[in-house]
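One-based numbering, in listed order, for ligands and for the atoms of each. This one's a predicted model, so the numbers in the text were calculated from it and none came from an experiment.
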Amino acid sequence: MIVILKPKTPKAEVDSLTKAIKNLGVEVHPVIGKELMILGLIGDTSKIDPNKIEANRNVERVMHVQEPFKKANRMFHPENSKVDVNGITIGGKKIALIAGPCSVESEEQIISIAKSVKASGTQLLRGGAFKPRTSPYSFQGLETEGLDLLKVARKETGMPIVTEIMSTQYLDRFVEDVDIIQVGARNMQNFDLLKELGKTNKTILLKRGLSATIEELLMSAEYIMAGGNNNVILCERGIRTFETYTRNTLDLSAIPAIKKLSHLPVVVDPSHAAGKNWMVDPLSKAAIAVGADGLIIEVHNDPVNALCDGPQSIRPEEYDKLVKELSLIAAAVGREI
Ligand code: PEP
Ligand code: MN
């Protein structure tokens, strides 16, 4: 339930109304913007009589929120949310670029790729240390050694690091060492993990599950936000459809849909969506054109010998060319690279 207050309601009146509503047994989240003043009610609102709240002279209107997600809902936060990671804003005018290899393989590899993508204008470095592989016999990542190497790359380049968490086992280390914790597609509905991440104040990059609906993605974001952590970035990375030509089908319509339903920033991962290196370029451009706030792209200096996801990884020089071309698309939709 949303309570829309009359413009310029004095703070003391907002506070006393908030207190009165809290006494009805729900949580109240005030969103006090320049144009709009809103109280978002979270919890069991079924016993609350909207007429009684509307009777308050400072209340303009009371609205029901149809969707099951509340804190992630745009109704609760009409303006786009911006997430700040070490001074880098995600969700603002500037498109956030996250790039790096699928997996951290060695110090030389991660530092070389980090330096190249930084030179192309990338703000954040990605690299998997714990890898969710389909086969237990495939390379599983360098694990904690991979985290150490990411820290070395951060020190060398100054770029914040983004890496995937697979379970709560190393949560303390992730909180300590990582700038953005990625929740992979396969863990999107690992609710115990989401709840634990909700207790931290780390930025979480939440990827859409392989066959998750947009509403399910937003409900997973809600799990993190319900714990008090509002630093959530959503990621469309392709979903499984009947099409087998591509690894997944990039759901471009999810970006405007999420923007309508939610205030959270959305980034697109064209690499896992396509599964093919040559498709990363057109899909990245399309993603920016439909309103994505950023891209997360797999870049490898030796894709043929990559230990994971080589076929979808582009080379640093291809990435550099792509970033240059993206600035034209960004400008066309009122954004910048
Ligand atoms: C990854 O980013 O390397 C990854 C495994 O992605 P996803 O969870 O989207 O498959
Ligand atoms: Mn990958």
Side-chain angles (χ1 to χ4, degrees), residues 96-105 109-110 113-114 117 122 124-136 138-143 146-147 149-150 161-167 174 178-190 193-194 197 203-212 214 216-217 220-221 224 232-241 246-252 254-255 258 266-277 279-280 283-284 287 292 294-315 319:
L97 295 175
I98 309 169
C102 178
S103 306
V104 180
E105 297 173 11
Q109 176 245 21
I110 191 68
I113 299 171
V117 295
T122 304
L124 301 119
L125 175 68
R126 67 148 286 152
F130 294 84
K131 295 305 304 176
R133 304 304 300 275
T134 302
S135 166
S138 302
F139 174 61
Q140 303 287 306
L142 295 181
E143 305 190 336
L147 292 181
L149 295 180
L150 282 168
I161 50 181
V162 185
T163 195
E164 178 169 354
I165 194 165
M166 297 246 288
S167 73
F174 272 75
V178 171
D179 303 295
I180 298 186
I181 302 180
Q182 175 177 327
V183 175
R186 290 154 194 82
N187 265 317
M188 187 203 85
Q189 285 187 318
N190 182 341
L193 176 61
L194 301 179
L197 293 170
T203 298
I204 311 297
L205 177 72
L206 178 65
K207 294 186 114 186
R208 183 175 179 185
L210 275 69
S211 44
I214 291 167
E216 285 165 342
L217 171 63
S220 290
I224 300 167
V232 180
I233 303 166
L234 302 171
C235 178
E236 162 60 40
R237 45 77 73 202
I239 47 172
R240 187 161 285 182
T241 67
T246 44
R247 183 173 177 184
N248 291 288
T249 296
L250 180 61
D251 182 6
L252 282 172
I255 295 105
I258 293 170
V266 190
V267 303
V268 166
D269 174 346
S271 311
H272 290 87
K276 297 180 189 311
N277 54 13
M279 239 187 232
V280 170
L283 294 182
S284 299
L295 293 165
I296 175 164
I297 297 181
E298 286 187 341
V299 178
H300 201 288
N301 51 0
D302 183 11
V304 176
N305 293 305
L307 296 181
C308 183
D309 287 348
Q312 68 196 33
S313 300
I314 58 173
R315 294 172 187 279
Y319 178 73

query: Non-hydrogen atoms of Arg208 versus ligand 1: any pair closer than 4.0 Å?
result: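 Judged by the 4.0 Å heavy-atom criterion, Arg208 does not count as contacting ligand 1.
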query: Should Cys102 be listed as contacting ligand 1, given a heavy-atom distance under 4.0 Å as the test?
result: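 Heavy atoms of Cys102 do come under 4.0 Å of ligand 1.
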Option whose closest heavy atom lies nearest to atom 6 (O) of ligand 1, chosen from Met188, Arg247, Gln182, Lys207: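 Minimum heavy-atom distance to atom 6 (O) of ligand 1 goes to Lys207.
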Return the residue, atom name and 0.1 Å-rounded distance of the protein heavy atom closest to [atom].
| atom | answer |
| --- | --- |
| atom 4 (C) of ligand 1 | His272 NE2, 3.3 Å |
| atom 2 (O) of ligand 1 | Arg126 NH1, 2.8 Å |
| atom 8 (O) of ligand 1 | Ala185 N, 2.7 Å |

Ligand 1 to [X] polar contact by distance, N or O atoms, under 3.5 Å:
| X | result |
| --- | --- |
| Gly184 | no |
| Asp269 | no |
| Glu164 | no |

Quick check against the 3.5 Å criterion: does [X] have a side-chain atom that pairs as donor or acceptor with the backbone of [Y]?
| X | Y | result |
| --- | --- | --- |
| Gln109 | Ser103 | yes |
| Asn277 | Ile314 | no |
| Ser271 | Ile297 | no |
| Asn187 | Met166 | yes |
| Glu236 | Gly238 | yes |
| Arg237 | Pro270 | no |

Atom name of the N, O or S atom in Glu298 that lies nearest to the Mn ion (ligand 2):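 Closest N, O or S atom of Glu298 to the Mn ion (ligand 2): OE2.
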message: Please report, to 10°, the angle around the Mn ion (ligand 2) from atom OD2 (Asp309) across to atom NE2 (His272).
response: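 Centred on the Mn ion (ligand 2), the OD2/NE2 angle is 90° (to 10°).
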query: Will you find, in the side chains of Asp309 and His300, an N or O donor that is under 3.5 Å from an N or O acceptor?
result: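 The criterion, which ignores hydrogens and geometry beyond distance, is not satisfied for His300 and Asp309.
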task: Give the atoms of ligand 1, by number and element, whose distance to some non-hydrogen atom of Arg237 is under 4.0 Å.
output: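 Near Arg237, meaning under 4.0 Å from one of its heavy atoms, ligand 1 has 7 (P), 9 (O), 10 (O).
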message: I'd like to check which ligand 1 atoms, numbered from 1 as shown, lie under 4.0 Å from a non-hydrogen atom of Glu298.
response: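 The atoms of ligand 1 under 4.0 Å from a heavy atom of Glu298 are 3 (O).
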query: Does a sphere of radius 6.0 Å around CZ in Arg133 hold more than 12 heavy atoms from other residues, nucleotides or ligands, not counting ones at 6.0 Å or beyond?
result: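 More than 12 within 6.0 Å, yes.
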- prompt: Could you state the interatomic distance from CD (Gln312) to OG1 (Thr246), rounded to the nearest 0.5 Å?
  reply: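 Between atom CD of Gln312 and atom OG1 of Thr246 there are 11.5 Å.
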